[in-house]
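Heads up, the thing below is written out as structure tokens.
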Amino acid sequence: SPIQTTNTFHYVIGSPTHTRLPENTFDVIFSNATMHVIDQKDSILIDLYRKLKADGNLYVRDEFTYNGELKKCGSKKCGHYVLQYERFLHLMTQNGFKLSGETHEFGYPIYKFSKI
């Protein structure tokens, strides 16, 4: 049967610190080239942690720099700095996530995180 008849979709508008999504609900959350623009990363990561089921995964696809390099996002409209990989991993760990996989096959890397 068509996907429209088997799934219900709800629009939710979050804030800079909370997604306003239901807790303990999602098997997968995917962040596509947005993590570098989030100003309050700790608040959002704590929130995303609560939204995932116990065995859920957070996938983060974004541009990263390595070994302390500083670089601004290539988008003319953005202007934010690209995530520093080492700092980002520390941020993820301090908010309850562990790196559990990665791929570099789709342009920017995609990092898979599970709950610690």
Side-chain angles (χ1 to χ4, degrees):
S1 66
I3 193 168
Q4 306 88 307
T5 60
T6 59
N7 294 290
T8 304
F9 296 92
H10 302 275
Y11 292 96
V12 177
I13 298 173
S15 75
T17 57
H18 297 319
T19 61
R20 296 194 177 116
L21 295 168
E23 298 211 357
N24 195 33
T25 302
F26 299 95
D27 296 310
V28 171
I29 296 175
F30 185 80
S31 170
N32 185 28
T34 57
M35 195 61 70
H36 73 280
V37 300
I38 296 171
D39 291 325
Q40 299 184 38
K41 289 177 181 50
D42 286 315
S43 296
I44 288 295
L45 289 171
I46 290 167
D47 186 67
L48 291 175
Y49 183 94
R50 292 178 180 152
K51 307 316 176 186
L52 285 169
K53 293 179 182 178
D55 59 348
N57 294 294
L58 171 62
Y59 291 84
V60 177
R61 178 183 181 268
D62 215 323
E63 184 176 4
F64 292 87
T65 61
Y66 303 87
N67 303 315
E69 177 189 359
L70 287 178
K71 178 183 174 185
K72 285 205 172 185
C73 176
S75 170
K76 293 177 183 175
K77 296 179 183 180
C78 181
H80 288 83
Y81 280 96
V82 172
L83 295 167
Q84 292 185 3
Y85 177 74
E86 298 83 1
R87 169 77 181 112
F88 177 65
L89 281 186
H90 175 75
L91 185 69
M92 296 302 288
T93 301
Q94 82 182 23
N95 286 291
F97 292 98
K98 66 178 176 184
L99 183 62
S100 56
E102 64 184 81
T103 182
H104 298 263
E105 296 179 36
F106 303 100
Y108 295 144
I110 301 172
Y111 294 104
K112 176 183 177 183
F113 293 92
S114 55
K115 291 182 170 187
I116 293 176

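This one's a predicted model, so the numbers in the text were calculated from it and none came from an experiment. In what follows, residues are counted from 1 in the order of the sequence shown.
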Show every salt bridge (Lys or Arg N to Asp or Glu O under 4.0 Å) that has at least one partner inside residues 101-116, sequence neighbours left out.
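Counting only pairs at least two positions apart or across chains, no salt bridge (Lys or Arg N to Asp or Glu O under 4.0 Å) contact touches residues 101-116.
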Residues in salt bridge (charged side-chain N to carboxylate O under 4.0 Å, His left out) contact with Asp47, at least two apart in sequence or another chain:
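Testing Asp47 for salt bridge (charged side-chain N to carboxylate O under 4.0 Å, His left out), a comparison that skips the adjacent residues, returns Lys51.
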Run through Leu58, Ile116, Leu99 and flag the one making a side-chain contact (heavy atoms from CB on, under 4.5 Å) with Met92.
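Testing each of Leu58, Ile116, Leu99 against Met92, the sole residue satisfying side-chain contact (heavy atoms from CB on, under 4.5 Å) is Leu58.
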Can you tell me if His90 and Glu86 form a side-chain donor-acceptor pair at under 3.5 Å?
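On atom types as modelled, these side chains do not qualify, holding no pair under 3.5 Å.
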Starting from Val28, walk the hydrophobic network (Ile, Leu, Val, Met, Phe, Trp, Tyr; side-chain heavy atoms closer than 4.5 Å) and list everyone else you reach, by chain and number.
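Val28 shares its hydrophobic cluster with Phe30, Tyr59, Phe106, Ile110.
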Between side-chain atoms of residues 10-17 and protein atoms elsewhere (two or more places apart, or another chain), which donor-acceptor pairs fall under 3.5 Å?
from	atom 1	to	atom 2	distance (Å)
Ser15	OG	Thr17	N	3.2
Ser15	OG	Thr17	OG1	3.4
Ser15	OG	His18	N	3.1
Ser15	OG	His18	O	3.4

Shared hydrophobic cluster for [X] and [Y] (ILVMFWY, side-chain gaps under 4.5 Å):
| X | Y | value |
| --- | --- | --- |
| Val60 | Phe26 | yes |
| Ile46 | Leu48 | no |
| Leu52 | Ile38 | yes |

Partners of Leu83 by side-chain contact (heavy atoms from CB on, under 4.5 Å), sequence neighbours excluded?
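For Leu83 the side-chain contact (heavy atoms from CB on, under 4.5 Å) partners, ignoring immediate neighbours, are Met35, His36, Lys41, Asp62, Phe64, Phe88.
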Show every side-chain hydrogen bond (donor to acceptor under 3.5 Å, both in side chains) that has at least one partner inside residues 24-33, sequence neighbours left out.
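Passing the test, one end in residues 24-33: Asp27-Lys53, Ser31-Thr34, Asn32-Arg61.
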Could you list all the side-chain hydrogen bond (donor to acceptor under 3.5 Å, both in side chains) pairs where at least one residue sits in residues 69-82, not counting sequence neighbours?
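Counting only pairs at least two positions apart or across chains, the side-chain hydrogen bond (donor to acceptor under 3.5 Å, both in side chains) contacts touching residues 69-82 are Glu63-Lys71.
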Quick one: sort the Tyr66 and Tyr85 rings into parallel, tilted or perpendicular, breaks at 30° and 60°.
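Rings of Tyr66 and Tyr85: tilted, 30 to 60°.
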With a 4.5 Å cut-off on side-chain heavy atoms, are Phe113 and Leu89 touching?
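A side-chain contact under 4.5 Å exists here.
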Between atom CD of Gln94 and atom CG of Asp42, what is the distance when rounded to the nearest 0.5 Å?
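Atom-to-atom, Gln94:CD and Asp42:CG are 5.0 Å apart.
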Please lay out, stage by stage, how His104 and Tyr111 fare under the test side chain to side chain contact (heavy atoms under 4.5 Å, CB included).
CA-CA 9 Å; His104 298 263; Tyr111 294 104; 3.6 Å; yes
